[in-house]
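Here is how names work: the chains are called A, B, and so on, in the same order as the sequence lines, proteins then strands, and each is numbered from 1.
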Amino acid sequence: GQQVMQIPQYQHVQEGEDFTTYCNSSTTLSNIQWYKQRPGGHPVFLIQLVKSGEVKKQKRLTFQFGEAKKNSSLHITATQTTDVGTYFCAGPMGNQGGKLIFGQGTELSVKP
Amino acid sequence: GAVVSQHPSRVICKSGTSVKIECRSLDFQATTMFWYRQFPKQSLMLMATSNEGSKATYEQGVEKDKFLINHASLTLSTLTVTSAHPEDSSFYICSARDPGQGMGEQYFGPGTRLTVT
């Protein structure tokens, strides 16, 4: 079945270091979405990428969608303690009315 | 932005009892809502899709008779965990899409932490 895989599972960084999480889909995706879940919280939508090779930036966050639309990455430059949380990528589940399949998530911890 | 509320935020119940969780879209109408389950340190697992005015569709392996879903209006979906057992203890989160904005992203409620004793 369709799978979305995400690595690494955990990442511990010193404040100020960069961070990257990678997302790979077993199928071509029409779009990919990224969510952030703070400890004890719920997922919050960050961004959606639609076009092949698309790159979008949100302040220190850079999102990329691969040329084949099967992989994506999220890069955070100069991490801050406020970046702590789990980052999930998610892609549409087949053509099934808006359902999403989530990656396993990457838990980021930042040491001040 | 789109806001989704969920109630209760936390519930403890005894084994064998039923628990109802409400999910509301506060500033938009949602014909479709989604129910997820999340275990500690794990990803979100889609349980079912709640459709206003029709039956919910369940993902493979999810017991429809145990997890009853009712989408009573364009702003309310409920999930009832029937005859709860300790293994049903989990974090249940609903989400909805706002058809009036965005491109299909989902807005999540704050979640309900269910503990069955």
Side-chain angles (χ1 to χ4, degrees), chain A residues 1-12 21 23-25 29-51 54 56 58 63 65 84-109, chain B residues 1-7 9-10 21 23 25 28 30-52 54-62 71 77 90-99 101-113:
Chain A
Q2 183 183 5
Q3 288 185 314
V4 175
M5 294 145 288
Q6 209 175 330
I7 57 170
Q9 187 174 1
Y10 302 98
Q11 185 78 59
H12 310 285
T21 173
C23 180
N24 288 284
S25 170
L29 301 171
S30 59
N31 68 81
I32 192 143
Q33 301 175 23
W34 285 90
Y35 294 81
K36 177 183 179 181
Q37 185 174 23
R38 293 181 186 274
H42 60 279
V44 174
F45 174 75
L46 293 177
I47 208 161
Q48 179 174 249
L49 304 172
V50 178
K51 299 177 184 176
E54 188 171 13
K56 286 189 176 180
Q58 288 181 349
F63 303 84
F65 200 10
V84 164
T86 300
Y87 293 85
F88 293 98
C89 62
M93 192 182 291
N95 291 314
Q96 300 185 51
K99 294 198 289 188
L100 293 176
I101 179 169
F102 281 78
Q104 301 95 318
T106 296
E107 183 179 343
L108 172 65
S109 63
Chain B
V3 179
V4 176
S5 72
Q6 209 171 320
H7 178 81
S9 59
R10 190 177 293 267
I21 303 169
C23 177
S25 55
F28 65 100
T31 55
T32 303
M33 291 183 175
F34 303 93
W35 286 96
Y36 295 84
R37 184 173 180 176
Q38 186 178 36
F39 290 105
K41 302 287 187 181
Q42 293 191 23
S43 188
L44 294 95
M45 184 193 81
L46 179 65
M47 298 175 65
T49 303
S50 174
N51 305 296
E52 190 271 336
S54 65
K55 289 183 179 180
T57 54
Y58 291 81
E59 295 303 305
Q60 192 172 9
V62 179
H71 200 135
S77 174
S90 189
F91 191 49
Y92 293 87
I93 318 177
C94 69
S95 73
R97 294 168 59 193
D98 181 352
Q101 66 173 333
M103 294 178 64
E105 64 268 29
Q106 294 185 11
Y107 295 92
F108 286 82
T112 297
R113 192 161 301 282

- Item | Between A:H42, A:E107, A:Q104, A:Q33, the one whose heavy-atom pairs under 4.5 Å with chain B are most numerous | A:H42

- Count the heavy-atom pairs under 4.5 Å between each of A:M93, A:K99, A:Q9, A:Q6 and chain B, then report the option with the highest count. A:K99

- What part of A:L100 gets closer than 4.5 Å to chain B, counting heavy atoms only: side chain, backbone, both or neither? both

- If one checks every heavy atom of B:Q38 against chain A at 4.5 Å, the contacting part turns out to be side chain

- Message: Which one wins on heavy-atom pair count under 4.5 Å against chain A: B:Q42, B:M45, B:R113, B:K41?
- Response: B:K41

- Note on the structure: Per-residue tally against chain B (heavy atom, under 4.5 Å) across A:P43, A:P92, A:G105 peaks at A:P43

- Task: With a 4.5 angstrom heavy-atom cut-off, could you sort out which part of A:F88 is near chain B: side chain, backbone, both or neither?
- Result: side chain

- List the atom of B:S43, the atom of A:F102, and the distance in Å for their closest heavy-atom pair. OG-CB, 3.5 Å

- Message: When you measure from the side chain of B:Q106 to the backbone of A:F45, do you find a donor-acceptor pair of N or O atoms at a distance under 3.5 Å?
- Response: no

- Task: Could you look at A:Q37 and say if it's the side chain, the backbone, both or neither that has a heavy atom under 4.5 Å from chain B?
- Result: side chain

- Task: Side chain from CB out, backbone as N, CA, C, O: work out which of these in B:L44 comes under 4.5 Å of a heavy atom of chain A, or both, or neither.
- Result: both

- Query: Does the ring center of B:F108 lie less than 6.0 Å from the ring center of A:Y35?
  - Reply: yes

- Item | Segment of A:V50 engaging chain B (4.5 angstrom heavy-atom cut-off) | side chain

